[in-house]
Number of protein chains: 2
Amino acid sequence: MAPATSSLPRRRRGAGRVTLADVASAAGVSSITVSRVLNDPGKVSADLRDRIVAAIAELGYVPNGAARALASARPLLVAVLVPSLTNEVFVETLRGIREVLQPKGYQILIGDTGYDADDEARMLDTYLAFGPGGLLLTGLQQTEAVKLRLETLRLPRVHMMELPAPNQPAPPTVGFSQTAAATAMADYLIGRNYRRIGFLATQLDHRTLLRRDGWRASMQAHGLYNTDLEITDPGRSSVGRGGELLTQILASGMKLDALFCNNDDVAQGVVFEAQRRGMDVPKDLAVVGFNDLAASAWINPGLTTIATPRYEVGREAALRLLELMGGGSAPAPLDLGFRLVTRGSA
Amino acid sequence: MAPATSSLPRRRRGAGRVTLADVASAAGVSSITVSRVLNDPGKVSADLRDRIVAAIAELGYVPNGAARALASARPLLVAVLVPSLTNEVFVETLRGIREVLQPKGYQILIGDTGYDADDEARMLDTYLAFGPGGLLLTGLQQTEAVKLRLETLRLPRVHMMELPAPNQPAPPTVGFSQTAAATAMADYLIGRNYRRIGFLATQLDHRTLLRRDGWRASMQAHGLYNTDLEITDPGRSSVGRGGELLTQILASGMKLDALFCNNDDVAQGVVFEAQRRGMDVPKDLAVVGFNDLAASAWINPGLTTIATPRYEVGREAALRLLELMGGGSAPAPLDLGFRLVTRGSA
DNA sequence: CTGAAAGCGCTAACAA
DNA sequence: TTGTTAGCGCTTTCAG
C-alpha cells in the first residue's frame, strides 16, 4: 500500500516550517479561516477561534511575513535612513519614529549611511527591495540619482531635521532651521560681549554647513566676521576630536574669546581639554555647542547649547508618513523650532 | 478588434509597481532570464544581459523582496535584539554585526528591547514573521517562553555579551566574563589600597548583576565585603543619574574611599558631580566604571575602567551565525576577554 | 544559454 | 460565518 501522502505534491523547498495550511488541517478548518483569526478575529466564531488558537500554539506556528506581504500588498515595513547610529541625536529621532510606527504594526528597517550620500543611494536600493510602505530620510541633500528614483517611485516619504527653502516646492519635511539656531547662538554670544568668536566645524555634513552659515550671518551682521575664525576639520565629530582641535588652535597662536562648536560632542571635548590646561571656561574661553546631549548639562561648567527637538522630529515625521501612506496629501513643511539653553560655559 | 491585452488576466492588486515580467517583455526575453541577470549574471549572454540591464534602468525596476524571499526560501534578514540603542556599547556591537552581515547580503532588523524580557518575547514573535535566517540575541536570560520557542524553531542563533556557565550545554555564545572583569577591577582597587569600595548598581539588568557578583567575590576573598557597600538604583543608567546618586551617597553620610560604578555613564556623572563639589578624584574618592566609552579617556581625571570588546563581539557573533546559517555545527562559546584600563580616576 | 511550468504561503474577491 | 479559487512576483525544477 502506498503511503497516505503519496498523492500530495511533495514539498520541494522551504524545509519544514509550519504553515497556515498545517494549522488549518490540524484545526479542521480552511486556511482562510485561520488567516482571519490572525488578521481580524472578530469575523470568526468564538468556537472555531479557540480551536485555531490552540492549534497555532501547539504547532508553534509563525506566520510568514514574506507571503503575507506578497499576498496583501500591504507593506509591513518603513525604511529609515540616518547618517549615524553613534550619534545620540539620531537615536532619539529613531525612538520617536518607533513609538509612532510600531503600534501601527510597522517594523523599521534602519539604515546607517555613515554621512555618505553614495552609501545612502546604495542602501536605498537595498531597502526598496523589501517593499517598504514609506521612507524616512535625513536631510534634503540626496544625490540626483536618488532624487530621481524617489520621484519615479512615488513612495510616501518624509525628510527630517532640516527645512526646505521657503516658498519652494519641497517634499514633506519635519525639522527646524539649523541656520536660525546657529544665528541665535552667535547673537547670544555677541550679546554677552564676546567678539572673537570662532566656529569649529567638524564632520562637515550638510547640517554642519547650515550651522556655519547661521554663525556667519550673525557675525557679518555685527561686522565681526573674519575667515580666520572658521576652523574646519573633515574628521568625524567626537569628544576626543574636540580636545585635539583645541590643542591645535592654541598651538596656532590664534586668539579667540569664544568657540562655537558644531555639536556638543566636540564642545565637551574642548571643555575637558581646556580644563586639563588649567584654562577657565568661560573666562579664558567661552565654549558653546549644538544639540544639548544628555551629558552636556552635567559637565563642568555646564554647556551652553542649542536644544534640538530630535525626538519630536521623529514622532512628527512618522505621523506625517502614516498619513501619506494612508493616502493623505503632502503636508507642508513643519518647523519644530529649537531652544537656546544657557549654562556656565558661555 | 479587442485590445491586445484583453486575454491577459487583469491585474487585481498591487497598483502598478514594475515587475520582473514587465522588464522581461520590454527586453523581449522571459522573466527567468531577467531573474538570472539579477542573481547570477554569469549565466546570461552578454548580449541579453545588456539589453536587460538597460530595460531595468529604463523602467526603474525594483525587485520585490517579499516575492523573492517567498520563492527562494532563502532568507535575506537577520534579526538582532539589543537592550538599548542609547547605549554606545550596543551601537558598536551592531556596527560589528553589520560589517560582517551586510557584505553577505543580509539586512538587519534591529530590535530595541528596552531591557525588558517580555518586550523581547513580543519583539521576537514580530521579527520571526519576517522569516529571518538567524537571530542574534543579547545575553542568556530569555524568558522560558522564548527559550521554548527558540528550541522548537531550530533557527540559527548566537547569544552575545555574556558567557554560559562552564561545562554546561549552552547555545552558541560570544562574549566575555562580566564577572571576571568586575573581579579584576575590584582586585585592582584593593591592590591600590582602597578598602571601603562601594558598588553602585543602576539599571539592574543581568550584566549589571554579574558585575556585582564579580565585585562581591573579590571583596569577600579579601575580607572586605559588607552589604552596606552595595548601592542599588533600578533606574536607567545615565550621566545625570550618576551625579544624583553621588549626592545621595554623600548625604547618607556613608564613608567610601572608592566607588565602582556598573558602567561608564554613571561613573562619568559621579566624577562630574565630585568635581562640582570640590572633591578630589581619586584622593577623596576613587571612581571606576565599566565599558570604556569614548568620552571616558577625555574627562578629568580620565576614567579607570574595563574596556569591553563589544565591536569584536558583534563581528564574531555574526561570523558564527553565518556559519550556522550555512549549515555548520554549533560552535563552542567564545571568550573575547576584557582589558583593565587605568587612568587618573583610581 | 534560455525557457515553460509549478509553486513558495498567504490573502482578496467572490460565493454559499 | 465559512469556504473556494485565483494569484501576488519571484525562483526552482526540469527541458530543450
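The chains referred to below are lettered A, B, ... by the order of the sequence lines, with proteins before strands, and numbering in each begins at 1.
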Which nucleotide wins on minimum distance to the side chain of [X], given the candidates [options]?
X	options	result
B:Leu20	C:dC10, D:dT11, C:dC14	D:dT11
B:Ser45	C:dC1, D:dT2, D:dC10	C:dC1
B:Val29	D:dC10, C:dG3, C:dC10	C:dG3
A:Ser72	D:dT2, C:dG3, C:dT11	C:dT11
A:Ala71	D:dG3, D:dC10, D:dG7	D:dG7

What is the separation between atom [atom1] on [X] and atom [atom2] on [N], rounded to the nearest whole Å?
X	N	atom1	atom2	answer
B:Ile32	C:dG7	CD1	P	16 Å
B:Asn64	D:dG9	CG	C1'	6 Å
B:Arg51	C:dC1	CZ	P	16 Å
A:Leu70	D:dA6	CG	P	18 Å
A:Arg68	C:dC8	CZ	P	19 Å
B:Lys43	D:dG16	NZ	P	19 Å
A:Leu128	D:dG9	CG	P	15 Å
B:Asn39	D:dG9	CG	C1'	13 Å

Thinking salt bridges, do A:Glu99 and A:Arg95 make one under a 4.0 Å N-O criterion?
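Salt bridge flag = yes for A:Arg95 with A:Glu99.
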Check this for me, if you would: do B:Arg315 and B:Glu92 make a salt bridge, where the nitrogen-to-carboxylate-oxygen distance has to be below 4.0 angstrom?
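The answer is no: the pair does not qualify as a salt bridge.
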OP1 or OP2 of [N] under 4.0 Å from side-chain N/O of [X]:
X	N	answer
A:Thr19	C:dG9	no
A:Thr33	D:dT2	no
B:Ser35	D:dT11	yes

If I take atom CD from residue B:Gln102 and atom OG1 from residue A:Thr126, how far apart are they, to the nearest 0.5 angstrom?
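The OG1 atom of A:Thr126 is 7.5 Å from CD of B:Gln102, to the nearest 0.5 Å.
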Distance from A:Leu150 atom CG to A:His159 atom NE2, nearest 0.5 Å?
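The distance works out to 6.0 Å.
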With side chains defined as the heavy atoms from C-beta onward, is the minimum distance between B:Val174 and B:Met160 less than 4.5 Å?
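Of all side-chain heavy-atom pairs linking B:Met160 with B:Val174, none is under 4.5 Å.
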If you look at every strand shown and take non-hydrogen atoms under 4.0 Å, does A:Gly65 touch a base, only sugar-phosphate, or nothing?
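The answer is nothing, as A:Gly65 stays clear of every strand by at least 4.0 Å.
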